[in-house]
Amino acid sequence: MRFRSINPLFLVASLATIVLPAGADQVLRSTSLAACQENSLFTASLFDVVFTPKNNTASISMLATSSIEGYVVFDITILAYGYQIIKTTFDPCDSDLMGLCPMTSGEIPNDPFNLPVAEDAIAQIPGIAYSFPDLDASVKVYMRMTSGEQKGHTIACVEAEISNGKTVDLPGVKWATAAVVGFAILSSAVVSGLGFSNAASHVASNTLSLFAYFQAQAMVGMCSVPLPPAVKSWTQDFQWSMGIINVDFIQDIVTWYQRSTGGTPTIVLQTLHDISVQVEKRALPLLEPASNLVQRAVGGLAKRAYVQTSFGSYIVFGIQRAAFRAGIETTNLFLTGLAFFYIFVLLTVLAVVLCKGVCELASKMNLIKRDAFFEFRAGWLTVLKGTLYRVLLIGFPQMTILCLWEFTQKDSPGAVVMAVFFFFSMLFSLSYAAYRIIRMARRSVALHRNPAYILYSDPEALNKWGFLYVQFRASAYYFIVPILVYTLVKGMFIALSQRAGTVQAVALIVIEAAALIAASVLRPWMDKSTNSFNIAICAMNFVNAIFLFVFTDVFGLPRLVIGVVGVVLWIANAAFSLVLLLMLIITTTLVLLRNNPDTRYQYMNDDRTSFMKSQSHLSATGELDALAATARGDGKPFKRSVDLEDDESDAAHPNMAMRPSTANSAGHSGRDSGRDSGRDSGRDSARDSNRDSVRNSRSSFRAPIDANGMYAPETQHLGSRPSGSFREPSPFSGSGSTSNLAGPKPQAGSSMWQRGAGYD
């Protein structure tokens with residue numbers, strides 16, 4: 001039977017060949033040999049075979065132990081995606097191989113040798129086997145006795161995975177995805193600094209959603225479920241998003257730190273020339289009776305164990321598999337991820353400080369306008385705090401998995417202490433931020449019947465906490481809590497259930513289904529396009545969870561089905577990722593090229609833009625506010641930002657809202673007295689009464705005063721006004737002398753930031 005009989009695979013193979021062309025050298029290689037039978041009498045701790053069809057030879061390096069005595073024949077079966085393509089019988093006596101004819105018990109030394117391969121055997125290998133990336137092929141060899149009492153019995157079984165050197169685990173994919181995400185994040189920061197908050201929030205929201213999708217792909221590769229080769233390689237492309245990046249000097253630093261804090265790093269990667277490492281393809285419970293698995297402590301800590309077979313080779317799975325494929329020792333994995341997270345935080349702080357310095361220098365040298373990036377320059381410390389909170393939100397999935405996993409590994413006492421500190425500090429910080437947002441939003445609803453009022457009218461709160469709610473519509477401010485719970489629960493199952501792949505798969509199906517239903521029903525994001533973007537990601541994550549459950553093989557499906565599903569997962573996610581990347585690139589480019597990128601997006605229906613005012617506009621009225629404070633006689637400038645404590649006070653004491661009317665009546669009496677006794681004495685009396693009313697009132701939204709320093713009466717409480725309307729027209733703006741003193745009538749939709757004490 002030939003490989004070409006599988007028509008669907010040839011269609012997939014053709015696509016893969018176009019995307020990933022074959023190299024000049026054709027080669028098939030196997031680097032591990034696993035026992036596939038209980039009580040196998042032939043085992044190998046080192047096995048490395050390289051077959052080159054160009055010279056018809058196979059180079060073999062093997063360190064094995066045999067308990068077989070007598071003449072044997074090898075029944076060889078070659079499988080591709082679970083489909084048998086070659087089955088043949090090989091007699092070692094026909095090739096006069098030393099030590100195999102007859103076989104003798106003892107250890108077979110590691111003496112590399114070359115084995116000739118017949119032309120007819122090479123002709124049976126299809127050409128696609130040399131070019132298809134991440135080939136899911138294996139060779140299974142049964143050793144059958146031909147002499148003695150056990151004649152005809154199979155006494156040993158070994159299996160070797162075959163690779164052709166072609167893979168989708170490419171550095172170019174990692175650099176390209178990271179570059180696009182970095183470009184979009186920087187673009188959103190620049191656009192936000194220029195004052196186009198609507199466009200910046202859309203770009204940032206889509207960027208963070210795409211990055212979360214990359215992290216979800218990496219989490220699939222961290223599950224202990226046996227994965228087909230294509231899935232292992234594809235998910236490895238996104239392990240950079242979890243901080244799993246191999247840099248030599250960082251590995252040296254974390255190794256030194258482990259040793260200095262009482263740990264002993266493993267050296268498995270340094271002994272690959274002596275010991276084979278098998279990447280798990282079947283569930284551990286099925287492997288235990290076949291391989292007689294034992295738990296051996298590595299470096300003296302029993303819980304930090306590799307799974308090691310009785311004949312000396314190691315088996316890696318789940319998070320260990322991701323570390324091994326990245327070239328990182330398992331004991332270094334947590335500290336490596338932590339180091340890159342810390343570097344990311346440090347680079348973010350340096351970038352914000354550098355931007356502040358460059359903007360100030362450019363402004364002094366007249367290279368930019370003095371009001372350019374004014375919001376950032378005036379409140380850069382608040383922006384820095386908000387940026388650090390956003391970094392915590394981005395790194396929360398990574399640190400949740402790595403920290404919780406470190407609790408089970410205990411690489412060193414110092415590493416455990418750092419895991420405890422970073423996990424609980426990040427969890428507390430994000431939980432506290434979510435609490436503050438919910439508290440402000442509920443207060444805004446109680447006072448103004450609109451959660452967007454306080455959330456978006458205070459620039460300091462927006463810059464500091466806005467990362468939690470700007471991507472959602474105002475009424476869905478709470479949705480950050482389900483996202484944090486979703487991330488925490490998902491990370492707990494991945495990190496703490498490494499010995500139960502089926503449990504992980506079932507849990508991910510439930511979690512992703514809940515996320516998809518919540519996103520589809522609630523539609524919490526800011527607009528239709530953003531909702532569609534995120535719902536599509538949730539749907540793909542749910543499909544991946546179903547595929548992951550298929551890989552557990554709980555239904556006993558044929559290996560051909562599992563192999564094909566693995567290829568489908570790779571191609572579907574590759575196409576989906578490409579579409580999302582192109583959408584983000586095009587959107588970001590259009591935003592950067594437009595003179596006013598906010599016009600590309602519709603304004604939100606929650607009236608958030610009517611509550612947002614730029615700091616540059618606030619600074620333009622700063623002098624008028626100072627004059628207003630002087631006119632009131634309180635010696636303090638006008639309070640621009642929303643005072644949440646004052647709002648709470650007003651909510652607790654509704655009568656406080658009526659105090660301006662008391663001041664107004666006192667102002668009227670002062671003005672009448674002024675008309676009888678002279679203009680100056682009336683103005684003094686009005687100022688004194690106004691000072692008393694200011695001291696008594698704690699409302700942060702003051703009513704305007706007329707030219708005589710009088711408060712205008714408030715006829716309607718602010719919380720009962722329509723959304724987007726800040727105050728009603730002053731009754732003092734009517735006809736007569738009072739109208740002339742008060743100045744022009746303000747617009748009904750004028751901003752609270754434009755209102756000082758009579759300076760509209």
In the structure I gave you, are the side-chain heavy atoms of [X] and [Y] within less than 4.5 Å of one another anywhere?
X    : Y    : value
L548 : Q504 : no
D553 : L557 : yes
Y486 : I511 : yes
F42  : I155 : no
M222 : M242 : yes

Examine the side chains of [X] and [Y] and answer whether a donor and an acceptor come within less than 3.5 Å of each other.
X    : Y    : answer
Y213 : N573 : yes
T387 : T348 : no
Q251 : T336 : yes

Please name all residues satisfying side-chain contact (heavy atoms from CB on, under 4.5 Å) with L28, sequence neighbours left out, ordered by chain then number.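 Partners of L28 under the side-chain contact (heavy atoms from CB on, under 4.5 Å) test: F51, I125, Y130, I162, N164.
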Quick one: [atom1] on [X] to [atom2] on [Y], what's the gap to the nearest 0.5 Å?
X    : Y    : atom1 : atom2 : result
T266 : E329 : OG1   : CD    : 3.5 Å
I401 : L488 : CD1   : CG    : 10.5 Å
N332 : N246 : CG    : CG    : 9.5 Å
T167 : R325 : OG1   : CZ    : 6.0 Å

So, the side chain of [X] versus the backbone of [Y]: is there a donor-acceptor pair under 3.5 Å, distance only?
X    : Y    : value
S188 : I185 : yes
S224 : Q498 : yes
T552 : F549 : yes
Q215 : I394 : yes
E159 : K140 : no
S412 : A415 : yes

Taking the inter-plane angle between the rings of F428 and Y432 on a 0 to 90° scale, is it parallel (under 30°), tilted (30 to 60°) or perpendicular (over 60°)?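 F428 vs Y432 ring planes: parallel.
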Which word best sums up how the rings of F407 and F423 line up, parallel for under 30°, tilted for 30 to 60°, or perpendicular for over 60°?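 Plane angle over 60°, so perpendicular.
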Flag if over 12 foreign heavy atoms under 6.0 Å of CZ, F493: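 No, CZ of F493 has 12 or fewer neighbouring heavy atoms, counting only those of other groups under 6.0 Å.
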Do you know which of V268, T330, L333, I328 makes side-chain contact (heavy atoms from CB on, under 4.5 Å) with Q320?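 Going through V268, T330, L333, I328 one by one, the side-chain contact (heavy atoms from CB on, under 4.5 Å) with Q320 is satisfied by T330 alone.
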Write down the atom of Y389, the atom of A433, and the distance for their closest heavy-atom approach.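 Answer, listing the atom of Y389 first, then A433: CE2-CB, 4.2 Å.
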